[in-house]
Structures are given as C-alpha cells and as structure tokens.
Engineer: 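Before anything else, here's the structure in question.
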Number of protein chains: 2
Amino acid sequence: MSRAHATFEIAVDLVVLTVRDGRLAVLLIERGNEPFRGRPALPGGFLRAGEDLLDAAARELAEETGLRGITPDLRQVATYAAPGRDPRGRVATVAYLAILPDLPVPTAGTDAAIARWAPVGPGPDGLAFDHDRILADAVEHARRLLEDTPLATAFCREPFTVAELRGVYEAVWGVALDPRNFHRKVTGVPGYVEPTGDLRSLPTGRPAALFRRGPAEALYPPLQRPRRSLPAPQGD
Amino acid sequence: MSRAHATFEIAVDLVVLTVRDGRLAVLLIERGNEPFRGRPALPGGFLRAGEDLLDAAARELAEETGLRGITPDLRQVATYAAPGRDPRGRVATVAYLAILPDLPVPTAGTDAAIARWAPVGPGPDGLAFDHDRILADAVEHARRLLEDTPLATAFCREPFTVAELRGVYEAVWGVALDPRNFHRKVTGVPGYVEPTGDLRSLPTGRPAALFRRGPAEALYPPLQRPRRSLPAPQGD
DNA sequence: ACAAAAGTGTTCACTATACACCCATGC
DNA sequence: GCATGGGTGTATAGTGAACACTTTTGT
C-alpha cells in the first residue's frame with residue numbers, strides 16, 4: 001500500500017446551542033493563539049490517540065463548559081477538509097451539534113479561553129477558519145431536527161413546561177407559534193413528553209403542568225415548521 | 001502548537017445506489033489486497049494532497065464506474081474514525097452517498113477490482129471494515145432524502161415517467177404506493193418535475209408523459225413515507 | 001373488442017389553523 | 001374582582017388515502 005497520501009490531523013468543532021432570553025445563542029471562544037488570534041471561533045480541539053470522534057466531542061464540551069457528568073445531545077453534522085482551511089496544514093474537522101439548557105454563565109473554560117454566548121444572527125459573524133459556514137450548517141441541521149426528533153427537550157432543564165418547549169421552537173425557528181395548538185400537538189405525539197403530575201406557579205397566571213422527556217426517539221406526527229409555499233397569484 | 005495529536009489518513013468511501021429490477025442495489029467491490037482480501041467492500045480511496053472531500057468522492061466514483069463527465073448526486077453522509085476500524089492504522093473515512101440511474105453493467109473499475117451490484121437487504125452483508133454500518137447509515141439517509149429532496153430523480157435517466165419515479169420510491173422505501181395518488185403528489189410539488197411534452201409508449205397501455213427534473217432543491221409539500229403510527233388498541 | 005397502463009374525479013377521514021372560551025393562580 | 005398566562009372546545013379549511021372511472025395505446 002503506497003503511502004503517498006496526505007496525512008491529516010483531525011479536530012472536532014462544537015456548535016453548542018442554547019436558548020437565552022428567547023433567542024438562539026451559540027457558545028464562542030476567543031482564540032488565544034495564532035492563527036486567527038483574538039478572533040471568535042467555535043470551541044473544539046484535536047482528536048487524541050485512541051479516541052473516537054464522539055468521545056472527543058464530549059471531552060471538549062466538558063472542558064469548554066466545565067460541565068461534568070451530563071450526557072448532552074451530541075450529533076455529528078458534517079466534516080470539512082478543504083485544503084487551506086487551516087493555515088497550519090492539513091486539518092480536517094468534524095462538526096458536532098450540542099444542545100444545552102440555558103446555563104447561568106459558560107464558566108470560562110479550563111483552556112484559559114474566553115467563552116461567551118453569542119446570539120445567532122442571520123448573517124456571517126466573522127468567525128475564524130470556516131466556522132461561519134460550519135455554524136450555518138449546524139443551525140440549519142438543528143432546525144430540521146426539531147421537526148421530527150425530541151431534540152428540543154435538550155434545550156430545557158427537566159421538568160419543563162409546554163410554554164418553555166414552545167419558546168425553544170420559536171427561538172430556533174424564528175417564528176411565533178400558537179400556544180394553544182402547540183400544546184395540543186406536543187402532548188399528542190406519542191412518547192414525546194410525559195407529565196410529571198406536578199405544577200409550576202409563575203408570578204401570575206394559571207400554574208403550568210410539568211413534563212419530562214418521553215421515550216420517543218422520533219416524532220410522529222412531526223412538528224413541521226411553517227413554510228410559505230403559497231404560489232403568488234401573479235406567478236413567482 | 002503541540003504535535004502530540006494522532007495523525008490520520010483520510011479516505012472517502014462511496015455508497016453508490018441504484019435501482020435494478022425494482023430492487024435497491026449497492027455497488028460493491030471485492031478487495032484485492034489485505035486487509036480483508038477477497039471480502040466485499042464499499043469502493044473508496046484515500047484523499048490526495050490538495051484535494052477536497054467532494055472532489056475525491058467524485059474522482060473515486062469515476063474510477064470505479066468508468067463514468068466520465070457526469071455530475072451525479074453526491075452527498076456527504078457521515079464520518080467514521082473509531083480506533084481500530086482499519087488494521088493498517090488510524091484511518092478516518094468520510095462516507096458519501098451517490099445515486100445513479102440503472103447502468104447496464106458497472107464496468108469493472110480501472111483498479112482491477114471486481115465491481116458488482118448487490119441487492120440491499122435488511123441485514124448485514126459481511127462487508128470489510130465497518131462498511132456494514134456505513135451502508136446501513138447511508139441507506140437510511142437516502143430514505144429520508146427521498147422525502148424532501150428531489151434525490152429520487154437521480155435514480156432515473158432523463159426523460160423519465162412518473163411510473164419510473166414511483167418505482168424508485170417503492171424500491172428504496174420497500175413499500176407499495178398508490179399509482180394514482182403518487183402521480184398527483186409528484187406533479188403537484190412545485191419545481192419537482194417538468195413535463196417535456198413528449199410521450200413514451202410501452203408494449204401495452206396508454207403512453208406515459210415524460211418529465212425531467214425541475215429546479216426545486218427541496219420538496220414542499222414533502223412526500224412522506226408511510227409510517228405506522230397507529231397506537232395498538234391493546235398497547236404495542 | 002379486449003387488456004393493460006396512464007391519468008382524473010370524488011369521497012371520506014383525518015389534520016391543521018384560528019380563535020372563542022374557560023381555568024387557576026397572585027394581587 | 002381583575003390581570004395574566006395555561007389549557008380545552010369547536011368551526012372551518014386543507015390534505016391524504018382509497019378507489020371508481022375515463023383515456024389511450026397494442027393486439
């Protein structure tokens with residue numbers, strides 16, 4: 001077997017999403033080293049000897065957020081290996097999507113990197129490397145996953161109310177949903193959420209029933225996000 | 001920057017699917033070298049210097065099938081890098097899904113590898129490396145893509161009939177579909193298929209209208225595959 | 001005329017949406 | 001009582017499955 005092939009280092013980059021103040025937010029670090037020193041970037045790091053991709057993603061997540069012992073929802077999104085995407089040499093990166101409930105503060109990582117939550121906007125954010133592209137791909141991935149997987153519950157601390165879950169959908173999809181119909185849909189999907197039997201009182205209003213995640217791994221029927229498909233009367 | 005990280009070779013493996021005789025089929029080669037010499041495997045090869053992933057996948061596809069100048073539907077599915085998945089050392093592989101219309105014969109590759117179409121069954125096929133897993137992931141990916149992308153048209157040579165397109169869905173999903181309702185659904189999705197205006201006569205029956213792919217990159221409304229969601233009266 | 005495949009019309013059940021309305025709490 | 005948010009009922013429109021039926025060919 002010829003060994004004329006290129007050799008790579010493999011990194012894992014994390015797109016850590018949460019909902020803060022009703023807005024979708026992503027965890028960014030400020031790069032402390034060249035290249036792109038001082039520029040915001042997705043957290044991540046290199047694969048170690050004997051380590052699998054998912055293990056590396058979980059390790060990096062623990063290191064960057066300081067969380068231990070949690071089993072967050074981690075999903076592989078895509079792999080990027082374009083020549084020149086990293087000025088240091090041939091580095092391929094595997095992007096993982098991680099969903100967390102709102103954390104009080106991202107507890108600046110052990111790597112002395114400055115971590116912060118940044119709102120996810122529609123346009124590019126000037127991230128290092130090709131991270132703008134990776135972020136956009138991952139957010140679109142998350143939007144799709146909300147439709148037919150119980151991913152949205154990963155944004156919520158248990159137990160949660162239906163209104164909190166609705167806030168996740170509204171923040172990630174960027175649309176307003178009818179509270180009444182949403183309630184019925186969510187509670188009507190077998191295995192999506194299970195009532196705990198408890199209630200939670202807010203400062204005002206009727207107390208909301210509390211739920212935890214159910215056993216379903218896929219949502220049927222799916223919660224389809226609204227799309228405008230109306231053909232314009234004058235054509236398109 | 002410490003260089004204590006593992007280094008990898010990166011391969012691209014292809015899951016080339018087609019529909020033959022109404023059955024979903026995958027292109028397999030017989031390995032000519034160790035490891036797994038003589039075992040069936042997915043076609044693939046190593047990334048070359050200066051080459052991006054998609055370019056490598058397209059190159060390998062051309063080499064294995066002998067096709068030139070075509071632009072097949074190639075989509076990245078997932079990346080696998082478990083330690084020990086390749087006995088030769090640390091090799092990560094990026095799996096690509098390629099969809100082709102039925103070819104007369106896979107024109108054994110230039111690599112002197114014996115290529116053949118194998119029907120895709122429900123169980124493992126004893127493929128080399130972790131290719132059973134990769135194949136299963138890619139087939140599930142294809143099943144999902146048929147729902148909301150025009151991927152199915154990539155299985156058909158243009159121009160095609162609605163019945164041919166239906167055959168693709170039936171083969172990939174493994175279900176029977178109502179020809180009448182399928183016809184209406186497909187022709188009702190804006191931008192999915194466009195009539196050429198021509199007809200094709202079969203040995204018997206009314207000639208079918210011919211279509212080509214339309215400009216749509218996503219299908220709305222989607223063609224959802226049938227799922228059994230009926231809660232059994234006695235529980236499941 | 002008949003068989004076979006393409007394509008249309010119609011019915012019926014189910015799902016989505018909009019929104020009126022009632023419920024349960026704090027003040 | 002009143003404001004506020006939680007949750008249910010219900011009317012209406014739209015969508016999907018089932019299937020009768022018509023169209024267009026070859027023999």
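Convention: sequence-line order gives letters A, B, ...; per-chain numbering from 1. Predicted model only: the values in this text are computed from it and were never measured.
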Engineer: What's the CZ-C1' distance between A/F211 and D/dG6, to the nearest Å?
Structural biologist: 11 Å
Engineer: Checking B/D13 against B/T93: is there a side-chain donor and acceptor pair closer than 3.5 Å?
Structural biologist: yes
Engineer: Quick check on side chain to side chain contact (heavy atoms under 4.5 Å, CB included): which of A/L165, A/V19, A/D102, A/I99 does A/C156 satisfy it with?
Structural biologist: A/L165
Engineer: How do B/T161 and B/R184 order along DNA chain C: which one's closest nucleotide is nearer the 5' end?
Structural biologist: B/T161
Engineer: Would you check if the side chain of A/E60 reaches a backbone N or O of A/A57 as a donor-acceptor pair within less than 3.5 Å?
Structural biologist: no
Engineer: If the plane angle is over 60° it's perpendicular, under 30° parallel, otherwise tilted; pick one for A/W173 and A/Y169.
Structural biologist: perpendicular
Engineer: Set out, in order, the CA-CA distance, both residues' side-chain angles and the distance that settles salt bridge (charged side-chain N to carboxylate O under 4.0 Å, His left out) for A/E170 and A/R143, then state yes or no.
Structural biologist: CA-CA 10 Å; A/E170 293 183 325; A/R143 291 199 170 111; over 6 Å; no
Engineer: Reading nucleotides 20-27 of chain D 5' to 3', which nucleotides get B (base under 4.0 Å from a protein heavy atom), which S (sugar-phosphate only), which -?
Structural biologist: BB-BBBS-
Engineer: Determine yes or no for a side-chain-to-main-chain donor-acceptor pair under 3.5 angstrom, with A/R166 supplying the side chain and A/H183 the backbone.
Structural biologist: no
Engineer: Around atom CZ of A/R133, are there more than 12 heavy atoms of other residues, nucleotides or ligands at under 6.0 Å?
Structural biologist: no
Engineer: In plain terms, say whether B/E164 and B/R200 are close enough for a salt bridge, that is, a side-chain N and a carboxylate O under 4.0 Å apart.
Structural biologist: yes
Engineer: Please check if any side-chain donor atom of A/D137 sits under 3.5 Å from a side-chain acceptor atom of A/Y80, or the reverse.
Structural biologist: yes
Engineer: Give me the first and last nucleotide of DNA chain C, going 5' to 3', that has any atom under 4.0 Å from a heavy atom of chain A.
Structural biologist: C/dT17 to C/dG26
Engineer: If we ignore hydrogens and angles and just use 3.5 Å, is the side chain of A/H131 paired with the main-chain N or O of A/A41 as donor and acceptor?
Structural biologist: no
Engineer: For the CZ atom on B/R23, are there more than 12 heavy atoms of other groups (residues, nucleotides or ligands in this structure) within a distance under 6.0 Å?
Structural biologist: no
Engineer: Output the residues of residues 144-154 of chain B in contact with DNA chain D, where contact means a heavy atom of the residue under 4.0 Å from an atom of the strand; sort by number or write none.
Structural biologist: none
Engineer: For the pair made of OH in B/Y220 and P in D/dG14, what is the distance, rounded to whole Å?
Structural biologist: 13 Å
Engineer: Does A/H183 make a side-chain N or O approach to OP1 or OP2 of D/dT8 shorter than 4.0 Å?
Structural biologist: yes
Engineer: When you match A/N181 and B/R166 each to their closest nucleotide on DNA chain C, which lands nearer the 5' end?
Structural biologist: B/R166
Engineer: D/dG14 C1' sits how many Å from B/K185 NZ, rounded?
Structural biologist: 14 Å
